[in-house]
Structures are given as C-alpha cells and as structure tokens.
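These notes are about the structure you will find just below.
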Number of protein chains: 2
Amino acid sequence: MTQQRPPSELRSVFARHGLRCTQQRQVLYEVLVSTDRHPTAEQLYRMVGERDSGLSMATVYNTLEAFCEAGLCLKLAALNGSCRYDGATHDHLHFKDVRTGEIRDVPEEISEMLLDSIPREVLSEIEKKMGIKLHRIDVDLIGEDIPPG
Amino acid sequence: MTQQRPPSELRSVFARHGLRCTQQRQVLYEVLVSTDRHPTAEQLYRMVGERDSGLSMATVYNTLEAFCEAGLCLKLAALNGSCRYDGATHDHLHFKDVRTGEIRDVPEEISEMLLDSIPREVLSEIEKKMGIKLHRIDVDLIGEDIPPG
DNA sequence: TTTCCTGCAAAAGCTTTGCAAGTAC
DNA sequence: GTACTTGCAAAGCTTTTGCAGGAAA
C-alpha cells in the first residue's frame with residue numbers, strides 16, 4: 001500500500017520520533033488521540049476497522065508498542081488483566097473502576113491541583129535512593145461508580 | 001481436610017471479615033503478608049507449594065479475590081498484563097519497572113511525605129464531581145532501573 | 001536496495017468458570 | 001444439615017512471536 005498524501009503534520013511527528021510513516025500508523029494514531037476513552041488494543045482495532053479497511057491485531061500491538069517507546073502514547077495498567085492506551089497530551093489523574101476495569105480521566109483542573117501539590121524534590125530523592133530513572137507518575141483513584149438515585 | 005489447630009489470630013482476622021477459615025486460606029494469607037515482593041498469582045502458587053502440599057491455581061485466584069473483596073489485600077495492575085497482590089498494611093507508593101513488570105515498594109518515609117502532601121479535600125471534591133466512591137489512591141512511579149556503574 | 005513493517009496463524013500467558021466432591025459452621 | 005469452598009479441567013481473553021511478503025526511506 002503506497003502512501004499517497006500523508007498529512008505533513010503527522011508525518012513530521014513520526015519523523016521526529018524516528019518512526020516510519022505508514023498508512024496503518026497514521027490511522028491508529030489519529031484514532032488514539034481523538035478519544036479520551038483509554039481504549040484497549042481490542043477497542044482500537046474495532047475503532048480503526050470502522051473508519052478504514054482494517055489492520056491486524058498484531059499490527060495494533062506492534063504499533064502501540066512503538067508509539068509507547070517513542071513517547072507518543074502511554075500504556076496504562078488496567079485492573080482486569082488488559083492494557084489500555086492513552087494518547088495523553090497533558091498530565092492528568094485516572095479513575096479506575098474496580099468492577100468494570102474502565103478508566104476515566106479526572107477533570108483537568110482537579111488533576112492539576114493534586115499533581116501540583118506533589119513536591120518535585122521528593123521525586124528526585126526517590127530516584128537517587130532507589131537507583132531508578134522515572135518516566136512519569138501515575139496517580140490512580142481506585143473505586144467504583146455510585147449508582148445514580 | 002479438617003482443621004486441627006488454627007492460629008486463633010488468623011481465625012479471628014478471617015471471621016471479622018466474614019471469611020471462612022480454611023487450611024488453604026490460612027497458608028495463602030501467611031505467605032502473602034510475609035513478603036513485600038508483590039507476587040503474581042503464579043508466584044504465590046509456587047511459594048505455597050514450597051511450604052505445603054499445595055493448592056490449585058483456581059483456589060489461588062478465588063481466594064485472592066475473596067481477600068481483596070474483604071479488604072485483606074490489594075490487587076495491583078502490572079504493566080505486562082498480569083496482576084500482582086499486596087498484603088499491604090500501610091499506605092505506600094509503588095515503583096513499576098517498564099521493562100520487567102516488577103513492582104517494588106518506595107521506602108515508607110518517602111511514601112509518607114508524598115502521600116501527606118495530597119490534600120484530602122481535593123479527593124472528596126473528586127468523589128462528588130465524578131459520582132464515585134473512592135477505595136484508595138495508587139501512586140505509581142513508572143520508570144526503569146539504572147544499570148549500576 | 002536495504003531496512004523496517006505488516007499480517008497471518010499459531011502459541012503463550014493470565015484468569016475465569018462449571019461442576020462434583022468435600023469442608024466449615 | 002446447609003451453605004460455602006476446593007480442585008480439576010476446560011474455556012476465554014489478552015498479548016507475543018515466527019516468518020514471508022510488502023512498503024518506506
């Protein structure tokens with residue numbers, strides 16, 4: 001499948017991260033950043049299938065792995081054994097539902113309040129003491145929906 | 001298998017949480033709280049097998065599920081699709097290794113510093129705004145080990 | 001033209017489930 | 001005696017892998 005007219009924007013995003021610009025990667029990336037639903041690989045596979053001819057599950061996994069390595073998306077650990085992906089552009093908290101495994105964003109302004117309250121110097125102290133390199137912090141609120149009414 | 005001489009301490013822990021006191025649950029619980037390694041179900045299965053005749057994987061999963069429901073342990077989401085269990089007695093942060101999926105505790109005094117800095121009122125605001133009931137907060141430091149040297 | 005990516009199919013890993021026998025209370 | 005738990009085996013779901021053909025640079 002030869003590429004005809006890739007949006008130059010996407011093309012340069014990939015180039016900057018050392019990724020080849022394939023049809024499949026473009027479609028997957030567009031779908032990923034267009035949602036805040038933190039889809040599973042399976043859900044992405046179906047979402048892409050609705051827009052386009054489709055691509056294989058293997059490619060979905062390979063591509064997501066490549067995106068994560070390149071820093072284009074985050075891999076989130078869900079509570080029910082599957083993984084979810086987040087085309088995050090800003091830091092935010094996640095709410096994880098213990099019943100469904102669903103992940104929702106915590107509204108941005110509240111997320112910020114909480115994240116801003118974390119002292120930076122504590123983090124660098126942790127890096128030093130534990131001999132690790134931090135990529136990011138995930139703050140997850142674990143709980144369940146209150147049934148309305 | 002009839003129970004002969006259950007440690008009354010454990011027995012009352014289970015009773016308080018509405019759990020029947022079976023041989024298997026006792027062994028599994030003892031193994032779980034004796035480690036800070038955040039074992040997977042598979043690892044617990046092997047650890048129990050070393051001490052005792054053994055129990056089936058199905059029972060490991062059933063029992064861990066029962067413990068979690070009862071609040072006797074935490075189910076942690078690992079980054080590689082498996083789940084890990086934590087017989088936690090105090091709040092602490094976790095470091096998750098993106099390469100191995102391993103989970104390590106962040107030392108208690110640093111964990112406390114960070115957790116104490118999170119304003120309580122922000123959490124209750126989140127509960128109200130999102131219509132959820134929080135069980136706990138997981139603060140996960142995502143990163144990788146720095147090779148020594 | 002070289003290197004990397006895709007897609008298929010198969011395998012591997014983790015977790016859940018149905019059901020009969022057994023145990024706690 | 002009743003209700004819950006265990007263990008086996010099988011199934012279900014998620015993710016990874018090997019490899020041949022194809023596309024990007």
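In what follows, every chain begins at residue 1, and chains take the letters A, B, ... in the order their sequences are listed.
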Over how many whole Å does the gap from A:Phe67 atom CZ to C:dC5 atom P extend? 11 Å
A:Gln24 atom CD is separated from D:dA23 atom P, nearest whole Å, by 10 Å
Among B:Lys129, B:Glu121, B:Lys128, which residue satisfies the side-chain contact (heavy atoms from CB on, under 4.5 Å) criterion with B:Glu125? B:Lys129
Nearest whole angstrom, please: distance from the C1' of D:dT15 to the CG of B:Leu79. 14 Å
Any chance the rings of A:Tyr29 and A:Phe14 have centres within less than 6.0 Å? yes
Among residues at least two apart in sequence or on other chains, which ones pass side-chain hydrogen bond (donor to acceptor under 3.5 Å, both in side chains) with A:Ser56? A:Thr59
If I take atom OH in residue B:Tyr45 and atom P in nucleotide D:dT6, what distance separates them, rounded to the nearest angstrom? 14 Å
Nucleotide-resolved protein contact map, nucleotides 13-18 of chain C, B/S/- at heavy-atom distance under 4.0 Å: -SBBB-
Does B:Arg20 or B:Ser56 map to a spot on DNA chain D nearer the 5' end, using the closest nucleotide for each? B:Arg20
d(CG, A:Leu64; P, C:dG7) in whole Å: 13 Å
Atom-to-atom span, CG of A:Leu28 to P of C:dG7 - whole angstrom: 11 Å
Under-4.0 Å side-chain N/O to phosphate OP1/OP2 contact, B:Arg11 with C:dC25: yes
Given C:dT6, is OP1 or OP2 found less than 4.0 Å from the side-chain N or O atoms of A:Thr63? yes
A:Leu19 CG - C:dT3 P separation (whole Å): 19 Å
Looking at A:Ile126, A:Ile118, A:Val122, which hits side-chain contact (heavy atoms from CB on, under 4.5 Å) with B:Met113? A:Val122
Using side-chain heavy atoms (C-beta onward) and a distance below 4.5 Å, is B:Leu76 in contact with B:Ile103? yes
Given D:dT6, D:dA25, C:dG7, the nucleotide with the shortest approach to the side chain of A:Leu55: C:dG7
Would you say the side chain of A:His94 lies within less than 4.5 Å of the side chain of A:Val106, judging by non-hydrogen atoms? no
Which donor-acceptor pairs under 3.5 Å do side chains of residues 130-149 of chain A form with protein atoms, sequence neighbours excluded?
residue  : atom : partner  : partner atom : Å
A:His135 : NE2  : B:Glu144 : OE2          : 2.6
A:Arg136 : NE   : A:Asp138 : OD1          : 2.8
A:Arg136 : NH2  : A:Lys75  : O            : 3.1
A:Arg136 : NH2  : A:Asp138 : OD2          : 2.9
A:Asp140 : OD2  : A:Lys96  : NZ           : 3.1
A:Glu144 : OE1  : A:Arg99  : NE           : 3.2
A:Glu144 : OE1  : A:Arg99  : NH2          : 2.5
A:Glu144 : OE2  : B:His135 : NE2          : 2.6
A:Asp145 : OD1  : A:Arg104 : NH2          : 3.2
A:Asp145 : OD2  : A:Arg104 : NH1          : 3.4

Is the distance from OP1 or OP2 of C:dT6 to the nearest side-chain N or O of A:Thr22 less than 4.0 Å? yes
Kindly say if A:Arg25 contacts the phosphate of D:dA24, meaning a side-chain N or O under 4.0 Å from OP1 or OP2. no
Given D:dT6, is OP1 or OP2 found less than 4.0 Å from the side-chain N or O atoms of B:Gln23? no
